[in-house]
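I have placed the structure first, in the form of structure tokens, so that the comments after it can refer back to it.
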Amino acid sequence: MLRIACPYCGERDQVEFTYGGDAASGFPALADADLDRWTDAVFIRDNPRGEHRELWQHQHGCRQWLYVVRDTVTHAIQSVVPARDASPAAGADGR
Amino acid sequence: MSEQTGRLDRGGRIDRSRPMSFVFDGRAYRGFFGDTLASALLANGVHLVGRSFKYHRPRGIYAAGVEEPNALVGLRQGGRHEPNVVATTVELFDGLEASSQHRWPSLDFDVMSVIDRFSRVFASGFYYKTFMGPFRGAWMFYEKFIRRAAGFGDPPLEPDPDRYEKGHAFCDVLVIGGGPSGLAAALAAGRSGARVVLVEDGAELGGALLSRPQGGDTDAWLASAVGELKGLPNVRLMTRTTVFGAYDNLVFGLLERVGDHLPVPAPDQPRQRYWILRARQAVLATGMLERPIVFGNNDLPGVMLASAGRSYVNRYAVIPGRSVVVFTNNDTAYGAALDLKAAGADVAVVDVRGAIGAELDRAVREAGIALHAGCAVARANGRKRVRNVEVCVFDAVRGRIGATKSRLPCDLLLVSGGWTPTLQLLGQRGAPLAYDDKRAMLIAGAVPAGYRVAGSAAGEPGVRQRVASGMRQGGAAAEACGYAPSPEPGVLPVRLPDEPAMTGIAPVAVIPDPPGAGYRKKFVDFQHDVGYDDIALALSEGYESIEHLKRYTTLGMAPDQGKTSSFNALAIAAQMLGRPIAAVGTTTFRPPYRPVSIGALAGAETGLHFKPTRRSPMHDLHARNGAVFITTGLWLRPWYYPMPGESIREAYVREADAVRKSVGMVDVSSLGKIDVQGPDAAEFLNRVYTNAFDTLPVGRARYGVMLRPDGIVIDDGTTSRLAEHHYFMTTTTAGAGAVMTFLEYLLQTAWPDLKVQVTSVTSQWAAIAVAGPRSRDLIASLVRDVDMENAAFPFMGVRQGHLGAIPVRLLRISFSGEMAYEIYAPAGCGETLWRAISDAGPAFDLVPYGIEALGALRIEKGHVAGAEIDGRTTLADMGLARMASKKKPFIGSALMQREGLLDAHRPQLVGLESASGDMALRAGAILCEPGRHQGHGIGFVSSVTYSPALGRHVALGFVSRGLSREGDVIDAVFPLRGEVTPVRVRSAHFVDPEGRRLNA
Amino acid sequence: MPEQRSALAAVYRPGRIGAPEGPAAVILSERLSRTLVQVCGWRDSFPQLCRGLEALLSCAIPGDGLRAVSHAGRSIFRVGPERLWVAGAADDDLLRTFVTQAPGEDAVVTEIGHSRTVVRVAGAQARTLLNRGLPVDLDHSVFPVDAFAQSVIHHIPVLVHRTGPEGEAVFDVYVTRDYAVSFWEWLTRVAQALGGQIREAE
Amino acid sequence: MTHYSAFTLIRKALGANRGWTRAWRNAEPRAGYDFVIVGGGGHGLATAYYLAKEHGAASVAVIEKGYIGGGNTGRNTTIVRSNYMIDGNTRFYEKSLQLWEEMSGELNFNVMLSQRGQLNTCHSPAQMDAAARRGNIMRMNGIDAELLTREEVRRRVPILDFSDHARFPILGALWQQRAGVARHDAVAWGYARGADRHGVDIIQGCEVKGFLQEQGRIVGVRTTRGDIRAQKVGLAVAGHTSHVARMAGLRLPIETHLLQAFATEPVKPMLHCVVSFGAAHFYVSQDDKGGLVMGSDLDGYNSYGQRGDLPIVEETMADAKALIPLLSRLRVVRQWSGVMDMTMDGSPIISKSPIDGLYIDGGWCYGGFKATPASGWCFAHTLAKDRPHELNERFTLDRFRRGHQLDEKGGGPTPWAH
Ligand SMILES: Cc1cc2nc3c(=O)[nH]c(=O)nc-3n(C[C@H](O)[C@H](O)[C@H](O)COP(=O)(O)OP(=O)(O)OC[C@H]3O[C@@H](n4cnc5c(N)ncnc54)[C@H](O)[C@@H]3O)c2cc1C
Ligand SMILES: NC(=O)c1ccc[n+]([C@@H]2O[C@H](COP(=O)([O-])OP(=O)(O)OC[C@H]3O[C@@H](n4cnc5c(N)ncnc54)[C@H](O)[C@@H]3O)[C@@H](O)[C@H]2O)c1
Ligand SMILES: Cc1cc2nc3c(=O)[nH]c(=O)nc-3n(C[C@H](O)[C@H](O)[C@H](O)COP(=O)(O)O)c2cc1C
Ligand SMILES: [Zn+2]
């Protein structure tokens, strides 16, 4: 069972959270109509074997979206940061 | 009732003052409290207890614990019947009923045992090589017969009457195993103040100590250790509980057998409880299991592990045989030899080693036990029980065997091939095991963080060392959790007697056939009937990887998961392949350590409680009003309100009719409702909806559609502007959760700069739609503080006011196409609200309607719902292309421009009606050009209803370029029923396309 | 306010459950008609808002999502970073005025009292009972008085708040209203095994 | 090579089962091949088999990092069916089922295709409509399908929950008689033996660690057992598609997720067909040994861990009991999992890649076992002819950019929730 240390609520079972997928595929600016950039962001993934920056929402807790860095082989979690605290530039969307 | 011929007069941990009777295969027997079913059967001289899986060979009791491969029985009757129960783990209770399995007509005479004669034909993998002809699909013919032979026991035929529970637990230190090392670990950790949970599979604490001769220092130590643990408030002792799985983050799955030792669980109590335990440190003190030696006919009833023999004599006061041969490759089996001798049996020892230690030698001689050193038991003879064994001279170093030297008569053959530490839980974590040559065992290699291994699980040789290692590891685990080491170092049980330790093993796993002797099967995996030859065959065919070997032979795949067989299989494969054991490797360990019932894991989530139910605030009232409910997602919603004798069709037609003619009311509380507030609320909605919301005036509502980022429609609903910075959004019932989560996602990840707060208020508001030409009059008669006139409160207007004393939000919106209002009130007032409206209703011919009528009304109006928004539809497909704002980007605006989504041939939403007469239409029909009924057609029918307004069937569907095909007649094809219905394509707005009724 | 109906009305039956005799290991009761108001703010101005609230409610505003502050019959939970729940009695006029007159310029106020049913779980085995479904450690050492947790029980969203005096286990469970009957069914079935009592709603 | 038949079986038994030949050679890697297929699962082996057999390729190697069939081929719930609705999928899966029907005979290896039928239960009128649409499409494409009423379902599988206690009562079901199960390992071994007979080198214990590239073209693979040159390299590595493709610099519309499966103790036959539960994502069948084999949802987060966790265990078992209450007292003996290559629309990829010399067969999600023969067949065609067969022409990589997703479920690009 994943145990995710929510910065607000403390360490909790995975069942309180919902997964939001790869955080690298952040949102391009809405005004950007470039198909390739959008295709890349929405459909294409690094899908690494190892360290993965991903999103989880503490759905049954504080409802915060969190950036979680987790190893996709060992499932060990290295860090948990509220999404809104991580500047968008920290996302891989390059804004 | 038979005598307990195998019961000793004295000793054991059974309670002779509590006799119990039980039935096995229809015969009544007696035993005592403290017995297992296996010990009680042995006490009654019953050795033959089952038939083997493949060859139906007679099988007896082989072990005394969880590793038992043979003695599987069916337990209890009716709904409580449980197949494949391991008799050595069943605590005897009064009235227990068990039966043997997998035999016909009887255990003693099993017709299927003829298979044994052809065992070579049915060698491993035989089914891959035959049953392929003579015709295609012939396997289906043979399979019928093969399936008949499948399985061990019978499945239950009645529902399980018992309940199950789940529990969540948390601790600092989890100690797995309640033997001496586990007790010591728990003591050390407990004394330091850590929160400790000690879990023991068995009913009693003590582990292997319970199988020692009774009395003396061992028992005294055990009593004091258990006594102290019970006194520590921070220590929780859980017996009859198995740690079945070790999962990520030191989370463990446990199964507690709360009522399995009773005839039926105590009143209100669960049968089993599944625990999820989160620990910070775990100490495996799981002990070891003895393993067999492989030789001819080694599966005969009366052949048993040495440790089991010892356990039966000492713990259960049962003598499983009077004339005993002990066959071993190590010292530990001498404990069994001595104890059986002391209990009055004749004992001889056959040891593959040429010599044994002097001390042991003396003990054996003093006890009057004959020792055949440098010999091996090459095969056991007998039919349904061992009668004698063939002993040959054996060179353990070279593995060479001589001719049969003697036949020793016996009725019990105890075997010890060495020991295997119980490390399944570590294996489940992917921890590597290492082969230790000296001890001939697999021990823990690198131990994962947070785990420790203690006692015999760590390969510690003697009891004192095991206790010391338990103390060490328990203390270290507590320290790792931040507890200071206990001030008083655990008192080491110096007075614990030691005994033959695990040293000097000759690593012999298999005894070759003696020269000139005929063929006898030699079993490695008893439970799956896999023999030495099967391994040889598989390897010769190239199934060399240990995993291929497992799969080709099914070694280790039976319910016991190879507890007694895996190591021997590995050793034999290594020998045959000429590779070191370490290079061959083990197969993957997986949970559960012991089989776990589905019922326990399902817990309380069963029957009507499989998933929780969501009920509207007016639910009870609907029930009282005779509503028939339908499940939509987790919600229960009124489907229709039948009058006496009415069918669903009659009911919804009447209801929908009333909406068109007078007025109806429907509970729409399950709609998702989201409160959106903040200075950037308008901007936010502009981004998430395809259409504009900043231009929406206060006091007005607007229909909106949201897309996924990939340009596909995700949800629709109306959103009203209650104040400059305050919107009230509604979503579909099904979409509520996803939309809410999506909005939060956008606000927190993509646009954290927007000042917007979203709150789900779905449960805060009860909602009723009142629709029909008389709706305004009805509402106006109830609401005094809102001007209901058309001009003052127009279509798509939003007002706040009171209905009676209830504060309400009124939205003048319509799903049915009639003049209609949605009325929102605080949920606790929902029932009062409904009652107030329905009380006023008679004067207006008000009728409550359910979601069947709701569906009919919206189809008549061409409004889309779940059947149309199926995760593949674009705005344009739904005929709503104009709702895509050109002035601003929105979610999905980029990717909706992809060529595939713009394709002119895409299916578009249309209305459909029968082209000749009123033929019934069916949802799910495929639309085709007339007569061209193949492939994927040109569209499909999504929603269908009998239209009360039009008096005929109408449908919505999607047709390629549908908007340009109005008037065309195409075929609605329904091959599942052999139907073809010509249908005319038309506008989806069947009723009142101009929308006049909205204001009428 | 007009008459309010409890979501549990149809299933609530005071009396013993499970073992008919002996002390009740768990005591269940519904806390009717609580007032519950959510106050949210913006990151930059939220501390300011909290100071205003502190003055208004004359108590501290909790700084994290682990401990509530209870004072004068009200409990305040920080359910999200800039999100507070203030729970009070049915007739808490001060709270009621929040909804019409926001307690500060930058306050976003939403009344959510009707969206939750509050069930009190007390008694010696209250923790055991809740932990049959709640995946949160309720041990006194980590979950003292006024500790709270938002979580799920049997797939049902809950907020569990430990109230009552130190040494006694009393928990208020805030359950999403549409699930209340399912929650109650779950709770009472599990309570049966422990032996308990359902008190009249308070 | 020994021909398999009842006769050989008896003859060899009389000879104490000595003298059976190896099912396939354990080949040493050569310096180069025309075709190198990476991944010794069913798909890779079938591809090699059809390359050699249908396209006369003389120099083919299959490279497997572990043991053949040890990936998802050896860990799936073995359901074989062809009830696909989306144009592009329907005929491909039907072709696959037809190849299944021939397979044992063709390979002289009994893959135990058991067409016991599959039942998809429906629990709402909307689900019945969706089932009808699917079934109608199947029938229009010559595939067998039946729509059953509640009573018909009850007659067929009486042990499902038809009581008043069913939280989601069964309203009916879609039935495909030709669907069923097959023996997972046998598929890998059978194709391996068949491929070996046609000269394919099967190289086990050899992991691809990188690619040999020349002028932007892939000309071979770097492996733990040395470099191997190839005219064309085909990937059939399932859950590792992204991982391996990245060695060539490719990013794909794929995420890797866990899917678990479970087996119970064997019991006498109680369930005679495959059932999938429309009120949850759950499916179950009873194998010929008597064990019930079941599976449900993904674990829900990216993972290469091949190790499932408790939340899905609980969910699966609750599903099992809700569908078939009689399962309550049966016990699970093993819980395992595989790593799935989940695409953004749930449909596969059989396609040339943007890099010359590199071809991709992947994205099989949790449905690729049934696709094994057709996948091999089409991939072989694509590799040999350098263009897709019409059956796989829509399984391209660029369909996402072009807006031609094949979204059978309508789930959108959130594969963890598929
Ligand atoms: C639990 C579960 C249940 C399923 N149930 C069903 C079902 O009921 N019906 C159905 O149709 N499908 C099902 N599937 C899906 C199905 O199993 C797979 O889609 C299919 O087996 C994939 O076959 P494959 O040959 O592509 O992959 P695999 O069998 O996984 O083969 C890929 C091989 O590539 C090897 N490999 C990976 N990386 C490298 C490298 N770098 N170098 C060399 N070799 C490498 C791997 O070791 C592996 O052996 C299920 C899957 C799982 C996990
Ligand atoms: N006859 C011999 O020579 C011999 C050989 C090996 C061990 N032993 C005896 O074993 C004892 C060693 O003590 P120990 O504590 O290391 O081992 P132990 O065998 O006494 O105790 C291990 C305990 O762990 C329990 N257990 C194992 N896996 C479990 C699980 N997953 N969940 C719950 N419980 C589980 C078992 O039921 C057992 O009671 C000594 O008394 C020693 O004499 C004797
Ligand atoms: C259809 C099927 C049936 C299975 N039945 C059993 C079984 O009866 N007993 C068992 O131990 N394992 C069974 N397994 C699981 C395998 O032992 C193994 O766990 C699985 O192939 C995954 O491999 P791994 O556990 O070695 O990683 C079965 C697997 C499949 C695919
Ligand atoms: Zn949180």
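Sequence lines set the chain letters: A, B, ... in the order given, protein chains first and strands last, and positions in each chain run from 1.
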Exercise. Is there a side-chain contact between Q57(A) and T741(B), using heavy atoms and a 4.5 Å cut-off?
Worked result: yes
Scanning both residues in full, the closest heavy-atom pair of A894(B) with A33(A) reads CB-CA, 4.2 Å
Output for pair (Y67(A) OH, Q748(B) CD), nearest 0.5 Å, gives 10.0 Å
Worksheet entry | L746(B) and F27(A): CA distance, side-chain angles, deciding distance, side-chain contact (heavy atoms from CB on, under 4.5 Å) verdict | CA-CA 9 Å; L746(B) 292 170; F27(A) 256 75; 3.8 Å; yes
Honestly, the part of F252(B) sitting under 4.5 Å from a heavy atom of chain A is neither
Counting heavy-atom pairs under 4.5 Å with chain B, the top scorer among R63(A), R37(A), Q64(A) is R63(A)
Between the CG atom in L30(A) and the CG atom in N686(B), the distance rounded to the nearest 0.5 Å is 10.5 Å
When the 4.5 angstrom heavy-atom criterion is applied to L55(A) and chain B, the contacting part is side chain
Here the gap from H168(B) atom NE2 to D13(A) atom CG, rounded to the nearest 0.5 Å, amounts to 7.0 Å
Taken to the nearest 0.5 Å, the spacing of E744(B) CD from H58(A) NE2 works out to 12.5 Å
- Find out whether W65(A) and L747(B) are in side-chain contact, i.e. whether some heavy atom of one side chain is under 4.5 Å from a heavy atom of the other. no
R898(B) and L35(A) have their tightest heavy-atom pair at CG-CD2, 3.8 Å
The interface call for R278(B) against chain A, heavy-atom contacts under 4.5 Å, is side chain
Taken to the nearest 0.5 Å, the spacing of T74(A) OG1 from R429(B) CZ works out to 9.5 Å
**Asked** So, does N249(B) use its side chain to make a donor-acceptor pair with the main chain of M1(A) at under 3.5 Å?
**Response** yes
So, the part of D32(A) with a heavy atom under 4.5 Å from chain B: the answer is backbone
Value for CD (Q14(A)) from CG (D248(B)), rounded to nearest 0.5 Å, stands at 8.5 Å
